[in-house]
Amino acid sequence: MNDLNYLSEQLNPPQIEAVKHTEGPLLILAGAGSGKTRTLIYRIWYLIEEKRVNPWNILAVTFTNKAASEMRNRLQSLLPRTDSMNVWVSTFHSACVKILRQHISRLGMSNSFAILDGNDQLRIVKKCIKEVDDSPESLHHLAVIKEIRQSKNELNTAQEYKGLMRENYYGLRIADVFLHYERKLRENASLDFDDLLFFVWKLFKEHPDVLDYYQNRCRYILVDEYQDTNHAQSQIIYLLAEKHQNICVVGDDDQSIYRWRGADIHNILDFEKVYPQAKTIYLEQNYRSTQVILKAANQVISLNQMRKEKELWTDNEEGDKIIFFEAFNEQMESKYISQKIQSFYRGDFSHYNDFAALYRTNAQARAIEEALRNDGLSYRIVGGLKFYERKEIKDLIAYLKVVVNPDNQLNLLRIINVPHRKIGQATIAKIEAFADEQHLSLYQGIIAMFEAEELTTGSKKGLSHFIDSLHKWREFSKDHKISSLLEVMIEDTDYMEYLAKEKTEQAESRIENVKELLAGIRYFEKQNEGKTLEDYLDYVSLFTDIDEYEKGADTITLMTVHSAKGLEFPVVFMAGMEKDLFPLGRNSINISDLEEERRLFYVAMTRAQKRLFLTRAKKRNIFGSSKDTSCSPFIEEVPSQYLTRDTGKSDSQGAYEIFDYRAKRPRESTQRDLKKASFFQFPESTSEGNIQEILRAGDRVYHEKWGEGLVLYKEGQGENTKISINFGGLKKKLMIKYARLRKIG
DNA sequence: GTGCCGGACCTTTTT
DNA sequence: GGTCCGGCAC
């Protein structure tokens, strides 16, 4: 088929224009739901198929691994395999890691650097404050981190930062911590997230031959979500595109919601100034939402001053009004969400993944989770405590990192006494002092101390055993798979025993997590044959939970609005529409903060395809005590003709629709239902306790991992009750208190 | 060197 | 309501 005919079947006129404008800078302002990813994909297809551009010369940058892998998948279905494989599709951060692993030695640094995550950074900054500041308690670590990150994003070194703080006493104190922090990172050959960008920029600036290589390689550059770029990122892109000028950025200033982490909205607002030759194309047809939702969202966002004027339109149906519901407290709010989902389910929307509950802060997930669990609905929480940030996972990853690079003190310290080897503060201080004196790394210091026979008996045994094991693992890793190595390490250190001995109820789930980690590694090995332990560690360092989110599973999705960007759902619940929560602001919230919150609200609204619910709680638990709340000002910003209040009939305490399964239609709630609901509101014991009473042989239950099952019999008493369940032929005996079972039906 | 207790502080949002 | 950290007892 003729390419142009094909394109006009797939895309609308402005989208086609964006695809065909291949030479020179291009700004695509793509509103929510306007098919921007689709446009990008076809643009790459067009470059390769029509313009005969070598796929190898195309770079497509995204912000999340999820977005990158989605793009890769969609390219694969459109292009011959070899072509789609050769396009460099990557996140900013992984592209930078790839570049630095090759060339950072040109800056006099080690190519085998470690990557610190946010928690590592936090711990190190705290420590640095204590080590160099005169009154550590008056210097808040978050303030310091903010300054460090901002400085790096603005491409200033610690020295330059100190220069800028000349007259500023407080700033100078931060500068000293910053300098110390940098020294510590360099000594340990470690880079934080912001360093990844900073050093790529530095590399390009100081080594024109390296820049030239990448300029020639990346002749056609595409950047997704350009409104989220920070200064460092935009400068890297600027340098890369300088030679060929084939830079296409896609974004929506109205969806810029990462200003707080350094995203500079001016990058997109001023694109035409930075690239005077730029062409600008607007994608304003929305394919996602109903008229009502889209018009309401348009109205809300139009209140922002700092934006490019535009108005999305759609051919979609008019749709139902947006519903606003005020609940007594967050338990009732959650109950309402659960009830609404049940009344829709098997009605207009037949899958659980048609529903999403969004919120401003992760802490709100708990109440919603509890309501859904009590009602036996299948849900999943995206984000929150992340898998790779769990203690047990970080421990084992640190073991792997130490095998790769024992000189990294940060990782070594994390595991040197985990599990316990009787190596405490005193011993470590002693080694540190010795190592400093001899100008050795901590690891080399330990070895040297053995040779010098400087160690006391107490910790000697534990230390020598640890060092011997480390040698053994390093040898072992040379000709064994990552998963085998980890298995051996877990075995040698009795790590599972160590977890099991922690009598907390977390023990079981921690052990499960370790198994999941092993399974994850095996999967990685299968997917990436020939990749090394170092490759795996890079992958883990840049992995986030939203990457894991898959449409496939049929569950209700709970996540923050930030995580929801780029996704869509037929039915969206936006919970917590309260002043000080959404918009979130404590003491003072200035206009530009408010505008960012409004953009966030706009993102939330535009996730909805068919139905949108806004809910709030009149009382909410904050830090354990119940507080009265007032309504979010955003509610008033939604035009009243698109909004209808669900009063829950006459009862303002929060009546709701109940789905009557026998009649297969909703009925109104009765006093009895309300009583029942308020029982769930205050579960005396947690759901584990409740469920134990409820479950009996013959009940159907749902388990996160095993799916649906049939209860066969119970065994034992009280806390230690075990339950035998048949999961589709597979019989399992589980401890009730750990199994997290949900009753079905 | 380890483990337990109590108080402070906490919540944005994420690569 | 949860986490982290310091202090104290063993």
Side-chain angles (χ1 to χ4, degrees), chain A residues 61-68 90-97 115-119 121-123 126-127 130 136-137 140-142 145-146 149 152-153 191-197 225 228-230 232-233 256-263 330 358-367 370 382-386 388-389 391 417-429 456 458-459 462 501-504 506 538 541-547 559-565 576 580-586 589 593 596-597 599-601 603-604 620-626 686:
Chain A
V61 191
T62 64
F63 272 81
T64 62
N65 297 309
K66 160 98 169 58
S90 169
T91 67
F92 266 106
H93 288 85
S94 14
C96 288
V97 170
I115 304 167
L116 302 179
D117 70 16
N119 281 337
Q121 186 180 38
L122 187 82
R123 289 207 330 216
K126 276 184 183 170
K127 206 170 165 201
K130 270 183 206 160
E137 59 286 346
H140 199 87
H141 50 271
L142 292 178
I145 286 178
K146 200 176 165 195
R149 305 205 52 185
K152 291 184 179 186
N153 285 167
L191 303 186
D192 62 28
F193 283 139
D194 305 297
D195 284 336
L196 298 175
L197 303 168
E225 308 276 17
D228 289 336
T229 48
N230 60 34
Q233 288 161 333
S256 160
I257 55 174
Y258 286 108
R259 219 174 52 105
W260 53 272
R261 82 168 187 217
E330 76 257 44
L358 308 183
Y359 34 79
R360 180 63 239 271
T361 63
N362 278 310
Q364 290 166 257
R366 170 156 317 190
E370 211 152 273
V382 178
L385 182 57
K386 293 168 193 59
Y388 287 102
E389 283 172 14
K391 176 199 150 24
N417 200 31
V418 175
H420 303 304
R421 299 186 179 91
K422 301 197 170 180
I423 304 163
Q425 281 306 312
T427 311
I428 288 168
T456 48
S459 48
K501 252 188 279 173
E502 290 189 340
K503 32 122 219 185
T504 58
Q506 285 179 12
D538 280 349
S541 298
L542 301 173
F543 184 92
T544 64
D545 276 17
I546 182 70
D547 299 333
M559 62 170 113
T560 64
V561 185
H562 282 91
S563 300
K565 195 166 71 142
D580 296 339
L581 182 59
F582 199 12
L584 184 76
R586 291 187 279 228
I589 170 164
D593 286 342
E596 172 132 333
E597 294 288 318
R599 287 193 292 271
L600 199 52
F601 182 44
V603 168
R620 183 175 294 278
N621 263 354
I622 298 164
F623 302 139
S625 62
S626 179
T686 51

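Throughout, protein chains are lettered first and strands after them, A, B, ... in sequence-line order, and every chain is numbered starting at 1. Any value given below was found using the heavy atoms of this structure, including those in side chains, with hydrogens, waters and symmetry copies removed.
Distance CZ (A:Arg366) to P (C:dG1): 9 Å, rounded to an integer number of Å. We find that CG of A:Asn621 is positioned 15 Å from C1' of B:dC10, with the value rounded to whole Å. Atom CG of A:Asp593 is separated from atom C1' of B:dT12 by 11 Å (rounded to the nearest Å). A:His562 has its NE2 atom 8 Å from the C1' atom of B:dT14, to the nearest Å. Put simply, CG on A:Leu584 is 15 Å from C1' on B:dT14, counting in whole angstrom units. Rounded to whole angstrom, the span from the OH atom of A:Tyr359 across to the P atom of B:dT12 amounts to 16 Å. The distance between atom CD1 of A:Ile428 and atom C1' of B:dT2, rounded to the nearest whole Å, is 13 Å. Going from atom CD of A:Gln364 over to atom P of B:dC10 covers 19 Å, rounded to whole Å.
Within 4.0 Å (heavy atoms only), A:Phe623 reaches at least one base atom of the nucleic acid. Residue A:Tyr258 is in sugar-phosphate contact alone, with no base atom involved, counting any heavy-atom pair closer than 4.0 Å across all strands shown. Nucleic acid contact for A:Asn362: sugar-phosphate only, since backbone atoms but no base atoms lie under 4.0 Å from a heavy atom of the residue. Here A:Asp194 lies out of heavy-atom contact (under 4.0 Å) with every strand.
Atom OG1 of residue A:Thr91 and atom CZ of residue A:Phe63 lie 9.5 Å apart, to the nearest 0.5 angstrom. Rounding to the nearest 0.5 angstrom, the gap separating the CE atom in A:Met559 from the CG atom in A:Asn362 is 11.5 Å. Residue A:Leu196 holds its CG atom at 9.0 Å from CG of A:Leu116, rounded to the nearest 0.5 Å. Going from atom CD1 of A:Ile145 over to atom NE2 of A:His140 covers 8.5 Å, rounded to the nearest 0.5 Å.
In the set B:dT15, B:dG3, B:dT13, the nucleotide with an atom closest to the side chain of A:His93 is B:dT15. When distances run from any side-chain atom of A:Arg261 to the nucleotides B:dT15, B:dG1, B:dT12, the shortest one goes to B:dT15. Listed candidates were B:dT14, B:dT12, B:dG1. Nearest to the side chain of A:Ser563 is B:dT14. Candidate nucleotides B:dG1, B:dT15, B:dT11 were compared by shortest atom distance to the side chain of A:Arg149, and B:dT15 ranks first. Picking from B:dT11, B:dC10, B:dT15 the nucleotide with the shortest atom distance to the side chain of A:Thr361 gives B:dT11.
Residue A:Asn153 has no polar side-chain atom (N or O) positioned under 4.0 Å from OP1 or OP2 of B:dT15. Side-chain nitrogen and oxygen atoms of A:Thr64 include none within less than 4.0 Å of the OP1 or OP2 phosphate oxygen of B:dT14. Remark: A:Thr560 is in phosphate contact with B:dT14, judged by side-chain N or O atoms under 4.0 Å from OP1 or OP2.
The residue among A:His420 and A:Leu600 whose nearest nucleotide of DNA chain B is located toward the 5' end is A:His420. Checking A:Phe63 against A:Gly424, the closest nucleotide of DNA chain B that is more toward the 5' end is the one next to A:Gly424.
For A:Phe601, the ring pair (Phe, Tyr, Trp, His ring centres under 6.0 Å) partners two or more places apart in sequence, or in a different chain, are A:Phe582, A:Phe634. Under the rule for a salt bridge (Lys or Arg N to Asp or Glu O under 4.0 Å), the partners of A:Arg620 that lie at least two apart in sequence or sit in another chain are A:Glu333, A:Glu578.
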Summary of protein contacts for nucleotides 5-10 of chain C, nucleotide by nucleotide, where a base hit scores B, a sugar-phosphate-only hit scores S (4.0 Å, heavy atoms): SS----
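Using atom P as the reference point in both B:dT13 and C:dC4, the two lie 15 Å apart (nearest Å).
Below 30°, between 30° and 60°, or above 60°: for A:Tyr258 and A:His562 the angle between ring planes is between 30° and 60°, a tilted geometry.
None of A:Lys565, A:Gln233, A:Arg261 except one satisfies the side chain to side chain donor-acceptor pair (under 3.5 Å) rule with A:Asp228; the exception is A:Lys565.
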